[in-house]
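These notes concern the structure reproduced below.
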Amino acid sequence: MEIERRFLVKDLSSLDLSQYKCKRIIQDYLYKDKFTAIRKRKTVLDDNVSFTYTIKTRKIGISVNELENEISEEEYNNLKVHPNFNHIDKIRYIIPYIDNLNIELDVFNDNFDGIVFAEIEFNSEEQAHSVKLPEWFGPEITNKLTNSDMASRPIDKILKFVENQTDACN
């Protein structure tokens, strides 16, 4: 079970990202419907490359069942992506936070250049709603926009949604 909250971040000027570990994540979706998302992911951390296959199901509020398995590069290459889905390429920074939590800061590239998400994965829903959030977090988009939404919706609609969310907070 994954319990997380997601926020847009408009301004990174208060962060020195060079002090945090980062990895490049390339993910493509194979399938998505109202209840399930299936993706493959390539992660590059320094000289190490790993591949995963993930199924997310039964999203309820901020919780979702997540089944993730490491796969070989050959298996990764043999998994065919949905031809109408957008490719996602991002740099993920791992920022230590309070209560042994980490903020995963995703800075998107290519089609989604300029979009930045901050996510925190929690141990419980109670913790998710009681932890003080950093001031640099923007509007919450937990149940409004996911990576699988970005993959399956038209790019211009995603960019417009993000623009509207950040404009609403100004």
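Computed over heavy atoms, backbone and side chain alike; hydrogens, waters and symmetry mates excluded.
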Salt bridge flag under 4.0 Å for residues [X] and [Y]:
| X | Y | value |
| --- | --- | --- |
| Arg6 | Glu121 | no |
| Arg24 | Asp89 | yes |
| Glu140 | Arg5 | yes |
| Lys40 | Asp28 | no |
| Lys56 | Glu68 | no |
| Asp149 | Lys144 | no |

Please report the interatomic distance [atom1]([X]) to [atom2]([Y]), rounded to the nearest 0.5 Å.
| X | Y | atom1 | atom2 | value |
| --- | --- | --- | --- | --- |
| Gln27 | Phe85 | CD | CZ | 12.5 Å |
| Ile91 | Asn109 | CD1 | CG | 5.5 Å |
| Leu159 | Asn164 | CG | CG | 11.0 Å |
| Ile155 | Asn111 | CD1 | CG | 3.5 Å |
| Ile120 | Asn102 | CD1 | CG | 9.0 Å |

By side-chain hydrogen bond (donor to acceptor under 3.5 Å, both in side chains), which residues pair with Glu125, not counting sequence neighbours?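 Checked Glu125 against side-chain hydrogen bond (donor to acceptor under 3.5 Å, both in side chains); matches are Ser63.
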Please test Trp136 against Leu15 for side-chain contact (heavy atoms from CB on, under 4.5 Å), starting from the C-alpha separation and ending with a verdict. CA-CA 9 Å; Trp136 52 269; Leu15 299 173; 3.8 Å; yes
Lys160 vs Val162, side-chain contact (heavy atoms from CB on, under 4.5 Å): CA-CA, chis, key distance, verdict: CA-CA 5 Å; Lys160 187 68 172 171; Val162 169; over 6 Å; no
Indicate yes or no: at least one non-hydrogen side-chain atom of [X] is less than 4.5 angstrom from one of [Y].
| X | Y | value |
| --- | --- | --- |
| Leu12 | Leu17 | yes |
| Lys23 | Val44 | no |
| Ile26 | Arg41 | no |
| Thr43 | Val49 | no |

Contacts of Val131 meeting side-chain contact (heavy atoms from CB on, under 4.5 Å) (sequence neighbours excluded), chain-then-number -> Tyr97, Ile98, Asp99, Leu101, Phe122, Gln127
State whether the side chain of [X] and the backbone N or O of [Y] hold a donor-acceptor pair below 3.5 Å, judged by distance alone.
| X | Y | value |
| --- | --- | --- |
| Asn78 | Glu74 | yes |
| Ser130 | Glu126 | yes |
| Asp46 | Asn48 | no |

Please report the shortest heavy-atom distance between [X] and [Y], naming the atom on each side.
| X | Y | answer |
| --- | --- | --- |
| Tyr31 | Asp33 | OH-OD2, 2.6 Å |
| Leu45 | Cys22 | CD1-O, 3.2 Å |
| Arg153 | Asn86 | O-ND2, 2.7 Å |
| Ser124 | Ile3 | CA-CD1, 3.7 Å |

Proximity of Tyr76 and Tyr53 rings by center, below 6.0 Å: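 Ring-ring flag for Tyr76/Tyr53: false, centres at least 6.0 Å apart.
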Out of curiosity, does Tyr29 fall in the hydrophobic cluster containing Val64 (side-chain heavy atoms, cut-off under 4.5 Å, transitive links)?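 No; Tyr29 is not reachable from Val64 via cluster members.
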Just wondering, more than 12 heavy atoms not from Asp156 lying within 6.0 Å of its CG?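 It does: Asp156 CG has more than 12 such atoms within range.
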Is the Phe108 ring parallel, tilted or perpendicular to the Phe112 ring (thresholds 30°, 60°)? perpendicular
In terms of relative ring orientation, are Phe137 and Phe7 parallel, tilted or perpendicular, with 30° and 60° separating the classes?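 If you compare the ring of Phe137 with that of Phe7, the planes turn out tilted.
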Given Ile95 and Tyr20, is the side-chain contact (heavy atoms from CB on, under 4.5 Å) satisfied, shown in steps? CA-CA 6 Å; Ile95 303 172; Tyr20 303 114; 3.8 Å; yes
Please walk me through it: do Ile25 and Lys42 pass side-chain contact (heavy atoms from CB on, under 4.5 Å)? CA-CA 6 Å; Ile25 298 174; Lys42 176 181 179 179; over 6 Å; no
Between Asn65 and Lys59, do the side chains contain an N or O donor and an N or O acceptor separated by less than 3.5 Å?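 Lys59 and Asn65 do not have a side-chain donor-acceptor pair below 3.5 Å.
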